[in-house]
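Heads up, the thing below is written out as structure tokens.
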Amino acid sequence: MRAGEARLAIDCGIASTAAVLAWPDGTWLPLMFDGEPALPSAVLVGGDGDMLTGHQAWQAAAADPQRFIPAPRRSPEQQLAVAGADVDTLDLVAATLRRVAAEAQRAVGSVVEDVRLVVPAGWGPRRRTWMRHAAHRAGLPQPRLIEAPVAVAGHLLATGVQLPVGSYIVVCDVGAGAEVSVLRRGPAGFEVLATLADASAGGTSIDETLTAMFADTSPAGGDGQRWALLASVGAAKHALADRVAVTVPLPQGQAAVLNTDLLEQAAHPVLQRVAQLTIEAIAAAEIAVLDLAGVYCVGGVARMHLLEKVLTETVGVTPTVVADPATAAVRGAADAGAADATATAGLPAEEPVPPLRRAAAIAVPGFMSLGLVSQFLLTPEWNGSYLYKWALLNWGELAVAAVFAVIASLGAGTVLASTIAARTNPAVSPGSQTGTGILASASLGVAVSGMYAVVGSLYIGDPAGGFLRWALLPIAPIVAAAAVMALVAARQWRTPPGGWSQLLAFPTGSVVTAGLGMMLIQYSLTADRWPHMVLWIDLASRLGGLLLGVGTVMAVVSQPILRLILGAPLAVITAALVGWPASGILGAIYAIAVAAWWLRQMWTRLLRPVAPAAR
């Protein structure tokens with residue numbers, strides 16, 4: 001086996017755990033535990049601290065029921081007492097993960113470095129961190145967490161399901177509990193729009209209802225016999241997927257028959273709750289049922305024909321039960337069956353590698369910033385006598401140079417971070433790398449702007465206060481917006497279509513136009529000192545103002561018709577304002593426009609809820 005290329009995906013559910021090994025060529029292998037593809041998540045804590053997992057734990061539960069935990073995956077805040085002693089639930093989950101890791105190492109021949117954990121979409125940062133800690137305690141490498149409905153959507157694409165960009169789907173994951181999620185496929189992957197969960201709307205509640213029925217017929221003698229009866233009922237329920245009736249062993253040597261009618265009687269209220277969750281999730285996503293491209297059911301309970309019937313009658317859409325529904329999420333997380341795993345559009349967007357032309361475009365604001373600050377320092381208007389001279393400076397040019405420095409730094413840092421995220425180990429979160437890159441590059445932009453101010457103060461010989469004010473205040477809103485974007489990227493709340501580097505790619509046309517405009521303005525203000533260079537000074541000043549106004553509109557508006565409508569009057573205004581007293585105002589106008597561009601990007605592509613697709 002090719003250990004270095006193997007990917008290990010684990011779906012550690014409430015009642016059972018599934019794991020899959022996959023390779024880049026599309027081959028995959030389900031891990032087997034005691035001859036079965038699913039490992040029960042149950043754990044039995046021994047008196048000496050040893051832990052039994054899976055079927056071994058269920059078999060020992062009859063003799064030592066007080067030490068048996070059938071569902072150890074709980075909230076981090078919950079305390080668990082076993083035989084009078086407190087037990088860390090992290091150790092219980094880690095015991096199951098440790099067994100999975102050992103089986104994966106046995107199958108591959110060495111430790112698998114690329115580990116992916118399936119987690120519910122409704123989990124927040126605390127529970128996700130808790131799961132990472134469990135994996136670490138189990139000896140696994142740092143895992144990549146993948147939301148269950150997103151993994152299912154990726155599996156659908158890998159199996160040939162046609163889901164065009166912009167379409168909406170519902171994933172009903174009904175295992176021990178139920179989680180219903182509404183997803184939208186964007187250019188960079190699937191995004192969860194709404195998710196609702198109910199631990200009582202799944203297989204565990206059905207098993208408990210059936211167990212209560214049979215316990216009334218043949219009362220169990222204690223917790224040990226209750227666990228044995230619950231295990232028998234669970235096995236019989238799954239056997240009814242392709243049978244009409246099965247025999248269920250009861251305590252005290254008795255037996256009962258479980259048929260499909262009894263099963264549907266116990267399951268109907270539970271599945272009605274699943275249907276209600278589906279309706280509520282669709283409403284929470286602010287779309288209509290007619291907007292859906294499909295409803296897909298996964299999980300152990302998805303095998304029940306009654307689920308399809310209840311969803312069709314209640315929701316009004318006939319659902320599709322995914323083939324092998326119990327392993328759909330873990331196979332999607334592992335990219336099982338996808339010959340080119342990096343091209344699987346269903347998984348959370350691995351940051352796409354930016355094109356070289358985008359990296360080249362970063363040089364434009366960088367060189368324009370250097371050109372502006374150089375002209376600013378070399379062409380001040382000196383006044384006064386030999387004994388006391390003071391400089392009249394174009395503060396607007398310094399402000400625009402600082403803005404360009406931040407734009408160049410953010411573009412370069414984001415491209416570098418996203419490229420590294422796309423090429424490094426997938427177990428390391430690409431979002432955290434991109435977020436760190438955005439924050440570091442914003443800090444670099446602030447540092448460069450501050451350097452402009454300090455160098456200017458030393459070169460001109462004036463106090464640094466004015467230089468710092470005009471270099472740092474105009475970029476403050478941009479840096480604040482970048483900090484919010486870094487937080488969104490690090491938390492992986494949302495990945496913008498096309499990736500972060502595309503989101504932060506400021507319009508190059510605006511940079512060139514505004515930069516040339518400011519250079520012409522500065523030239524027109526100082527050209528009278530060189531009579532032989534005076535060529536249409538007034539025309540140069542007006543042209544510079546026009547270009548600065550056009551660049552300002554290009555930063556705020558993207559539609560050509562709106563640029564034309566807004567650009568004409570603003571260009572006339574900026575052209576009329578050209579002069580020493582208004583030079584700072586012109587720079588401030590452009591800085592405000594750039595800040596507005598960043599805020600618009602942050603709102604429209606990150607924070608604003610996704611609207612339903614028009615039909």
Side-chain angles (χ1 to χ4, degrees), residues 1-43 50-58 72-73 90-119 128 130-148 150-152 154-155 158 175 298 300 324 326-339 341-342 344 347-348 350 424-429:
M1 291 289 184
R2 298 145 292 166
E5 299 178 347
R7 303 183 295 268
L8 171 62
I10 307 172
D11 185 359
C12 185
I14 296 175
S16 63
T17 298
V20 164
L21 286 168
W23 287 267
D25 61 1
T27 59
W28 62 282
L29 175 72
L31 293 183
M32 306 297 288
F33 306 94
D34 300 322
E36 296 184 5
L39 172 68
S41 299
V43 175
D50 292 338
M51 295 186 185
L52 299 178
T53 60
H55 292 290
Q56 299 173 5
W58 277 99
R73 199 193 78 180
L90 205 63
D91 290 328
L92 302 178
V93 176
T96 298
L97 294 178
R98 193 177 297 114
R99 184 170 175 187
V100 173
E103 184 61 28
Q105 184 173 350
R106 186 198 65 77
V108 175
S110 63
V111 176
V112 180
E113 296 296 335
D114 184 353
V115 178
R116 307 172 183 189
L117 287 179
V118 178
V119 297
R128 293 173 188 244
W130 179 80
M131 182 57 78
R132 290 183 188 274
H133 289 168
H136 175 74
R137 193 166 296 186
L140 289 168
Q142 180 68 19
R144 171 185 167 194
L145 302 188
I146 299 176
E147 295 176 338
V150 176
V152 172
H155 174 67
V298 296
D324 196 5
T327 63
V330 72
R331 288 175 60 185
D335 296 324
T342 60
T344 302
L347 294 181
E350 292 279 347
T424 53
N425 192 330
V428 180
S429 168

Problem - For His133, side chain to side chain donor-acceptor pair (under 3.5 Å) partners two or more places apart - result: none
Which heavy-atom pair separates [X] from [Y] by the least distance, and what is that distance?
{"X": "Ala135", "Y": "Leu117", "answer": "CB-CD1, 3.9 Å"}
{"X": "Ala329", "Y": "Ala151", "answer": "O-CB, 3.3 Å"}
{"X": "Phe33", "Y": "Ala38", "answer": "CD1-C, 4.3 Å"}
{"X": "Ala95", "Y": "Met51", "answer": "CB-SD, 3.8 Å"}
{"X": "Val298", "Y": "Ala328", "answer": "CG1-CB, 3.8 Å"}
{"X": "Ala107", "Y": "Leu29", "answer": "CB-CD2, 4.3 Å"}

Problem - Contacts of Ile14 that satisfy side-chain contact (heavy atoms from CB on, under 4.5 Å) - sequence neighbours left out - result: Ala71, Arg73, Ala176
Practice task
Can you sort out the partners of Pro72 under side-chain contact (heavy atoms from CB on, under 4.5 Å), two or more places apart, ordered by chain and number?
Solution key: Ser41, Val43, Ile69, Leu92
Handout entry: Passing option when Val330 is tested against Thr17, Ile10, Ile146, Val20 for side chain to side chain contact (heavy atoms under 4.5 Å, CB included)
Key = Val20
Problem - Other residues, nucleotides, ligands: >12 heavy atoms within 6.0 Å of His55 NE2 - result: yes
Problem - Note, Leu31 side chain near Leu8 side chain (heavy atom, < 4.5 Å) - result: yes
Below 3.5 Å, can you tabulate the donor-acceptor pairs from side chains in residues 98-106 to any protein atom, sequence neighbours excluded?
| from | atom 1 | to | atom 2 | distance (Å) |
| --- | --- | --- | --- | --- |
| Arg98 | NH2 | Arg137 | O | 3.3 |
| Arg99 | NH1 | Thr53 | O | 3.2 |
| Arg99 | NH1 | Thr53 | OG1 | 3.1 |
| Arg99 | NH2 | Asp34 | OD1 | 3.2 |
| Arg99 | NH2 | Asp34 | OD2 | 3.1 |
| Glu103 | OE2 | Arg106 | NE | 3.2 |
| Glu103 | OE2 | Arg106 | NH2 | 2.7 |

Practice task
Cation-pi check, Arg7 to Trp23: give yes when NZ or CZ is under 6.0 Å from the six-membered ring centre and within 45° of the ring axis, no otherwise.
Solution key: no
Handout entry: NZ/NE/NH1/NH2 to OD/OE distance under 4.0 Å, Asp114 and Arg144
Key = no
